[in-house]
Amino acid sequence: MDEDRIETLAVHGGERRPGPEGSVVYPIYQGTVYSVPSGTDYHDLRYIRLNSTPSQSYLHDKLAALEGAEAGLATASGMAAISTALHSVLRSGDHLLVGDCLYGGTHDFLTHHAADFGWSYTFIDPHRPDTWEAARTPKTKAVLVESITNPLVRVGRLPEVAEFARANGLVGLIDNTFATPVNFRPLTAGFDLVLHSATKYLNGHSDIVAGAIVGGAEHVERARTTANHFGGSLDPHAGFLLARGLKTLALRVRAQNENALRLAEFLAARPEIEQVNHPGLDSHPDHARAAELFDGFGGMLSIRPAGGVAAAQKLIDALRLPFDAPSLGGVESLITRPAVTSHAGMSPQDRLALGVTDDLIRISVGVEASEDLIDDFERALAAS
């Protein structure tokens, strides 16, 4: 089905035809244990913790189809995907290059635990290829970046990152949560492993926690073996909901792309807003690159209102439609201040160095009518 468009892949990719007992909807296999054919390798036993039950295999195939990958793996959370992938490619004494603007959980994982595993790491600027070689050491084994950064929605020199990794024998990893395979497929740009917090856009309904690792069969199998030992497997019912959510991924993300751009354009024209970050705006420093690489600019934006933290919180409180809540990627719009939610684990100095100011507001735009969202923001700006 490689020739099919993403809308078709989302519905039909990885499906069993015919399904069990002729079912169009793939069922939940809730069982934890299955009969074992003689001579079966341990990691090929059908067992939930080994990520090999019929429900899991079906979901893995669907995830792989969406990213155009050889294989996929679902995990218990996005952080399980990130930590499992890193453990699968790094050993004690190894060195990692990592983008300097990261999701707070990833930043906290490295800054709090990398030394415990014997890893070292160096933050690099994904926009400056001329600085990467100086950061590489003989022990560097991998490089990790985000396709669209959280929460400043920057877009780095992604093909150059992948090329740098290949040229130096490094494993190229990329967190594609914000872009989704609808807007960007990193494997075609040369990356080895693509990571997702499937809690977000892949599921799209704010009702499960899950993660995903997709890529070449050898890399994913190494990640699966690692996950089997750490135990971060996904519950069958959560996997069923994720597979169901994936079928509408393209429809949801296309709508969110359009809504976010319209809202960003509206806010950029308002005097009450000092800064709007969205790669679809001509004023965004990475607009040209995003237009070249992506099929859509994503459903995320961040803003800084005039008046600092007090004005930011007043705006959030005055809105009627977006929920004041962390996370992102659901059908409903969400709004939050990353300094007190997603990036609260970082020191104030580290947040400020990245541009994550206390008054920065992150908006995850849903699939509501864009006119209603804009009306809501217009009313809230007047009230606040």
Side-chain angles (χ1 to χ4, degrees), residues 99-103 125-128 145-159 175-180 182-184 189 200-201 252-308 311-312 315-316 319 321-322 328-329 333-339 342-343 354-357 359-382 384:
D100 59 5
C101 189
L102 292 172
Y103 163 60
D125 184 345
H127 299 83
R128 296 190 57 194
V145 295
E146 297 179 354
S147 53
I148 303 176
T149 65
N150 181 358
L152 298 175
V153 292
R154 296 296 304 273
V155 180
R157 303 280 288 272
L158 303 179
D175 184 334
N176 200 35
T177 299
F178 269 30
T180 82
V182 178
N183 294 328
F184 182 54
K200 315 300 194 304
Y201 287 102
R252 291 185 282 103
V253 170
R254 299 285 193 216
Q256 287 162 314
N257 287 343
E258 183 176 349
N259 281 356
L261 181 55
R262 289 184 178 180
L263 181 59
E265 291 171 339
F266 165 78
L267 292 171
R270 295 290 301 207
E272 302 95 334
I273 305 298
E274 288 188 351
Q275 179 182 351
V276 179
N277 304 309
H278 182 67
L281 296 177
D282 292 342
S283 59
H284 191 279
D286 306 322
H287 172 71
R289 184 177 304 118
E292 179 182 356
L293 292 176
F294 298 160
D295 289 330
F297 296 109
M300 301 297 301
L301 62 141
S302 57
I303 62 174
R304 293 182 67 191
L315 173 59
I316 291 172
L319 287 163
L321 291 178
L328 56 103
S333 293
L334 301 176
I335 191 165
T336 189
R337 287 197 294 123
S342 62
H343 291 66
L354 294 177
V356 184
T357 55
D359 62 350
L360 184 75
I361 297 173
R362 189 187 72 186
I363 307 168
S364 171
V365 182
V367 300
E368 302 96 339
S370 60
E371 296 85 353
D372 291 334
L373 286 171
I374 290 171
D375 287 348
D376 192 28
F377 271 87
E378 186 170 30
R379 181 195 53 78
L381 285 169
S384 61

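From a predicted model like this one, the values you see are computed outputs, not experimental measurements.
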Notebook entry, point to check: So do the side chains of Val182 and Tyr201 get within less than 4.5 Å of each other, counting heavy atoms only?
Noted result: no
Checklist line | Heavy-atom pair of closest approach, residues Pro279 and Ala290 | finding: CB-CB, 3.9 Å
Margin query: I need the Leu328 CG to Asn150 CG distance, nearest 0.5 Å.
Written below: 6.5 Å
Margin query: Is there a side-chain hydrogen bond (donor to acceptor under 3.5 Å, both in side chains) between Ser333 and Glu368? Walk through the geometry before answering.
Written below: CA-CA 8 Å; Ser333 293; Glu368 302 96 339; 2.9 Å; yes
Note to self: Using modelled atom types and a 3.5 Å cut-off, is there a donor and acceptor pairing between side-chain atoms of His278 and backbone atoms of Ile303?
What the structure shows: no
Item checked: Stepwise side-chain contact (heavy atoms from CB on, under 4.5 Å) test for Phe377 and Ile335 -> CA-CA 12 Å; Phe377 271 87; Ile335 191 165; 4.3 Å; yes
Next item on the list: Any chance you could measure His127, atom NE2, to Leu158, atom CG, to the nearest 0.5 Å?
Entry: 8.5 Å
Check: Taking the side chain from Arg337 and the backbone from Ala312, do they hold a donor-acceptor pair closer than 3.5 Å?
Finding: no
Notebook entry, point to check: Taking it one step at a time, do Thr149 and Phe178 satisfy side-chain contact (heavy atoms from CB on, under 4.5 Å)?
Noted result: CA-CA 8 Å; Thr149 65; Phe178 269 30; over 6 Å; no
Item checked: side-chain contact (heavy atoms from CB on, under 4.5 Å) between Leu267 and Leu263, worked out -> CA-CA 6 Å; Leu267 292 171; Leu263 181 59; 3.9 Å; yes
Notebook entry, point to check: Which atom names give the shortest non-hydrogen contact between Val153 and Asn277, and what distance separates them?
Noted result: CG2-O, 3.2 Å
Next item on the list: To the nearest 0.5 angstrom, please state how far the CG atom of Leu102 sits from the CG atom of Leu354.
Entry: 8.0 Å
Item checked: Short side-chain to backbone donor-acceptor contact, Asp295 and Phe184, under 3.5 Å -> no
Margin query: Among residues at least two apart in sequence or on other chains, which ones pass salt bridge (charged side-chain N to carboxylate O under 4.0 Å, His left out) with Arg154?
Written below: Asp286
Item checked: Taking every non-hydrogen atom, the tightest pair across Arg362 and Ser342 -> NH1-OG, 3.6 Å
Check: Are Ile361 and Leu315 side-chain neighbours, meaning at least one heavy-atom pair lies under 4.5 Å?
Finding: yes
Next item on the list: Write down the atom of Ala255, the atom of Val367, and the distance for their closest heavy-atom approach.
Entry: CB-CG1, 4.2 Å
Margin query: Tell me the closest heavy-atom pair linking Met300 and Ala260, and the distance in Å.
Written below: N-CB, 4.4 Å
Item checked: Electrostatic pair Arg254-Glu258, nearest N-O below 4.0 angstrom -> no
Checklist line | Verdict with reasoning, His287 to Phe297, per ring-ring contact (aromatic ring centres under 6.0 Å, His included) | finding: CA-CA 9 Å; His287 172 71; Phe297 296 109; 5.5 Å; yes
Next item on the list: Please test Asp175 against Val145 for side-chain contact (heavy atoms from CB on, under 4.5 Å), starting from the C-alpha separation and ending with a verdict.
Entry: CA-CA 6 Å; Asp175 184 334; Val145 295; over 6 Å; no
Check: If you round to the nearest 0.5 Å, how far is OG of Ser364 from CG of Leu334?
Finding: 5.0 Å
Check: If only atom types and distance count, is the side chain of Asn257 paired as donor or acceptor with the main-chain N or O of Gly298 below 3.5 Å?
Finding: yes
Check: Side-chain contact, heavy-atom cut-off 4.5 Å: Pro305 with Glu274?
Finding: no
Next item on the list: Measure the spacing between CD of Glu272 and CD of Glu378 and express it to the nearest 0.5 Å.
Entry: 9.0 Å
Note to self: Donor-acceptor pair, distance only, cut-off 3.5 Å: does the side chain of Glu146 make one with the backbone of Tyr103?
What the structure shows: yes
Notebook entry, point to check: Arg252 and Gly329: which non-hydrogen atoms are nearest, and at how many Å?
Noted result: NH1-O, 4.3 Å
Item checked: Heavy-atom check, side chain of Phe266 versus side chain of Leu381, under 4.5 Å -> yes
Next item on the list: Please confirm whether the backbone N or O of Pro338 pairs with a side-chain atom of Thr336, one donor and one acceptor, at under 3.5 Å?
Entry: no
Next item on the list: Not counting sequence neighbours, which residues clear side chain to side chain contact (heavy atoms under 4.5 Å, CB included) with Thr357? List them please.
Entry: Arg304, Leu352, Asp359, Leu360
Notebook entry, point to check: Pick one: which of Asp372, Leu373, Ile374 meets side-chain contact (heavy atoms from CB on, under 4.5 Å) with Asn259?
Noted result: Leu373
Check: Would you say Pro322 and Ile363 make side-chain contact, with heavy atoms under 4.5 Å?
Finding: no
Margin query: Using the side chain to side chain contact (heavy atoms under 4.5 Å, CB included) criterion, which residues pair with Arg379? Sequence neighbours excluded.
Written below: Arg320, Asp376
Check: Hey, what do you get for CD1 (Ile148) to CG (Asn176), rounding to the nearest 0.5 Å?
Finding: 8.0 Å
